[in-house]
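Note that this is a predicted model, so its numbers are computed, not measured. Numbering starts at 1 and runs along the sequence shown.
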Amino acid sequence: MLYIVILILMESDIHKDELMCIDDNIRIINEFFANLKIAGRSDKTIKKYGLDIKNLIDFLNNKPVTEITANEIKYYLAWYQQNRSISNTTLEGMRLTFCSFFNWLESEDYILKSPVRKIKPIKKDTQPERELYANEIEQLK
């Protein structure tokens, strides 16, 4: 599972001058995945985190993960929501992925402060609750 980032990133168009940065990103992300695996996260969760992080890095032209700013993450989230027409709930899930990743970077001393601290939680979409019919209330009793 740890090699998923290598496979994902290698599918991208990469220039030779970007390889050192990509190697650092791959190493750091693989360490993060190992941490998630040790913490008991499922392969499905790790794969979702990998896709979210890969998409952010691709959007930022393979920028080193240790140099990503809050404004770049905000811009990416806004761009992604507009271009993919996703709900606020999905967007909040992506923000939480980035929270987990950048908080881990901070705890491992790769960065001084997580840029996601500056991004407020995204209000989730809510659906109005419908009233229960009398027969549904009886069934609940």
Side-chain angles (χ1 to χ4, degrees), residues 1-133 135-141:
M1 190 56 174
L2 298 178
Y3 59 87
I4 190 170
V5 172
I6 295 169
L7 295 175
I8 290 171
L9 289 176
M10 291 305 155
E11 291 174 3
S12 305
D13 292 331
I14 299 170
H15 298 92
K16 288 183 182 179
D17 58 338
E18 296 175 300
L19 284 177
M20 184 156 46
C21 168
I22 290 171
D23 286 344
D24 285 344
N25 281 349
I26 290 170
R27 180 183 51 78
I28 291 169
I29 293 168
N30 278 336
E31 287 176 18
F32 174 64
F33 285 169
N35 185 61
L36 291 175
K37 193 70 173 167
I38 290 168
R41 297 294 197 285
S42 72
D43 286 347
K44 184 178 176 183
T45 297
I46 294 171
K47 185 174 181 178
K48 187 245 187 257
Y49 279 30
L51 285 173
D52 286 347
I53 294 167
K54 178 238 184 246
N55 288 338
L56 173 66
I57 292 170
D58 283 352
F59 181 79
L60 298 174
N61 297 314
N62 296 310
K63 183 174 186 170
V65 294
T66 56
E67 297 175 13
I68 295 174
T69 67
N71 284 336
E72 289 170 328
I73 297 169
K74 288 177 189 177
Y75 182 73
Y76 169 72
L77 289 172
W79 175 87
Y80 194 90
Q81 185 176 40
Q82 182 177 4
N83 286 290
R84 299 283 178 103
S85 300
I86 61 171
S87 69
N88 281 356
T89 302
T90 301
L91 200 66
E92 174 63 5
M94 290 174 65
R95 188 193 70 82
L96 290 172
T97 294
F98 299 145
C99 246
S100 178
F101 178 60
F102 286 99
N103 287 342
W104 176 83
L105 287 175
E106 181 182 332
S107 73
E108 295 295 315
D109 296 325
Y110 283 110
I111 58 177
L112 292 176
K113 187 176 178 185
S114 170
V116 185
R117 289 180 189 233
K118 296 180 179 180
I119 303 173
K120 297 191 184 316
I122 298 162
K123 186 176 181 179
K124 294 182 181 180
D125 302 324
T126 57
Q127 295 180 358
E129 294 181 21
R130 70 171 182 84
E131 291 185 27
L132 295 175
Y133 296 112
N135 64 337
E136 292 173 321
I137 294 172
E138 287 300 318
Q139 286 177 348
L140 288 173
K141 289 180 181 179

A.B. asks: Are Phe101 and Val65 close enough that some pair of their side-chain heavy atoms sits under 4.5 Å apart?
C.D. replies: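 Phe101 vs Val65: side chains touch.
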A.B. asks: Could you tell me which non-hydrogen atom of Val116 sits nearest to which non-hydrogen atom of Phe98, and how far apart they are?
C.D. replies: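 Scanning both residues, the minimum pair turns out to be CG2-O, 3.6 Å.
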A.B. asks: Would you compute the distance between atom CG of Leu105 and atom CG of Leu112 and round it to the nearest 0.5 angstrom?
C.D. replies: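 If I round to the nearest 0.5 Å, the distance is 11.5 Å.
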A.B. asks: State, yes or no, whether a side-chain contact exists between Lys74 and Asn71 at a heavy-atom distance under 4.5 Å.
C.D. replies: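 Counting from C-beta outward, Lys74 and Asn71 do come under 4.5 Å.
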A.B. asks: Check Ile86 against Met94 and note the closest heavy-atom contact, atom names and distance.
C.D. replies: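 That closest heavy-atom pairing would be CD1-SD, 4.0 Å.
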A.B. asks: Please name the pair of heavy atoms, one in Glu92 and one in Ile122, separated by the smallest distance, quoted to 0.1 Å.
C.D. replies: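 In terms of heavy atoms, the two residues are closest at OE1-N, 2.8 Å.
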A.B. asks: What distance separates Asn62 CG from Ile26 CD1, expressed to the nearest 0.5 Å?
C.D. replies: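 Going from CG on Asn62 over to CD1 on Ile26, the span is 9.0 Å.
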A.B. asks: State whether Asp58 and Lys54 are salt-bridged, where the test is any N-O pair (Lys NZ or Arg NE/NH1/NH2 against Asp/Glu carboxylate O) under 4.0 Å.
C.D. replies: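 Here Asp58 pairs with Lys54 in a salt bridge, since their nearest N and O are under 4.0 Å apart.
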A.B. asks: Considering only heavy atoms from C-beta outward, does the side chain of Phe102 approach that of Ile111 to under 4.5 Å?
C.D. replies: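 Yes, side chains in contact.
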A.B. asks: How far apart are the C-alpha atoms of Gln81 and Asn88, what are their side-chain angles, what is the distance that settles it, and do they pass the side chain to side chain contact (heavy atoms under 4.5 Å, CB included) test?
C.D. replies: CA-CA 8 Å; Gln81 185 176 40; Asn88 281 356; 2.7 Å; yes
A.B. asks: Answer whether the closest heavy-atom distance between the side chains of Arg84 and Thr90 falls below 4.5 Å.
C.D. replies: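 They are not in contact (no side-chain heavy atoms under 4.5 Å apart), so the answer is no.
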A.B. asks: So, for Tyr49 and Ser100, which heavy atoms are closest and what is the spacing to 0.1 Å?
C.D. replies: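 Here Tyr49 and Ser100 meet closest at CE2-OG, 3.7 Å.
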A.B. asks: Grab the two heavy atoms, one from Tyr110 and one from Thr66, that are nearest each other, plus how far apart they are.
C.D. replies: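 The pair with the smallest heavy-atom distance is O-CG2, 3.9 Å.
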A.B. asks: Run the side chain to side chain contact (heavy atoms under 4.5 Å, CB included) test on Thr69 and Tyr75 for me, step by step, so that the C-alpha distance in whole Å, both residues' side-chain angles and the decisive distance to 0.1 Å come before the verdict.
C.D. replies: CA-CA 10 Å; Thr69 67; Tyr75 182 73; over 6 Å; no
A.B. asks: Within the 4.5 Å heavy-atom criterion, are Asp52 and Leu56 side-chain neighbours or not?
C.D. replies: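 A side-chain contact is absent here, since even the closest heavy-atom pair is not under 4.5 Å.
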A.B. asks: Shortest non-hydrogen contact from Pro115 to Ile68?
C.D. replies: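 That closest heavy-atom pairing would be CG-O, 3.5 Å.
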A.B. asks: Between CG of Asn25 and CD of Glu67, what distance do you get to the nearest 0.5 Å?
C.D. replies: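 Between atom CG of Asn25 and atom CD of Glu67 there are 9.0 Å.
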A.B. asks: Going by heavy atoms in the side chains, are Glu108 and Phe32 under 4.5 Å from each other?
C.D. replies: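 The answer is no, as the side chains (C-beta and beyond) never meet within the 4.5 Å cut-off.
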A.B. asks: Please round to the nearest 0.5 Å and tell me the distance separating atom NZ of Lys48 and atom CD1 of Ile53.
C.D. replies: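 CD1 of Ile53 is found 9.0 Å from NZ of Lys48.
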A.B. asks: Rounded to the nearest 0.5 Å, how far does CG of Asn35 lie from CD1 of Ile29?
C.D. replies: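 Atom-to-atom, Ile29:CD1 and Asn35:CG are 13.5 Å apart.
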A.B. asks: CZ of Arg41 to CZ of Phe33: how many Å apart, nearest 0.5 Å?
C.D. replies: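 Separation between the atoms: 12.5 Å.
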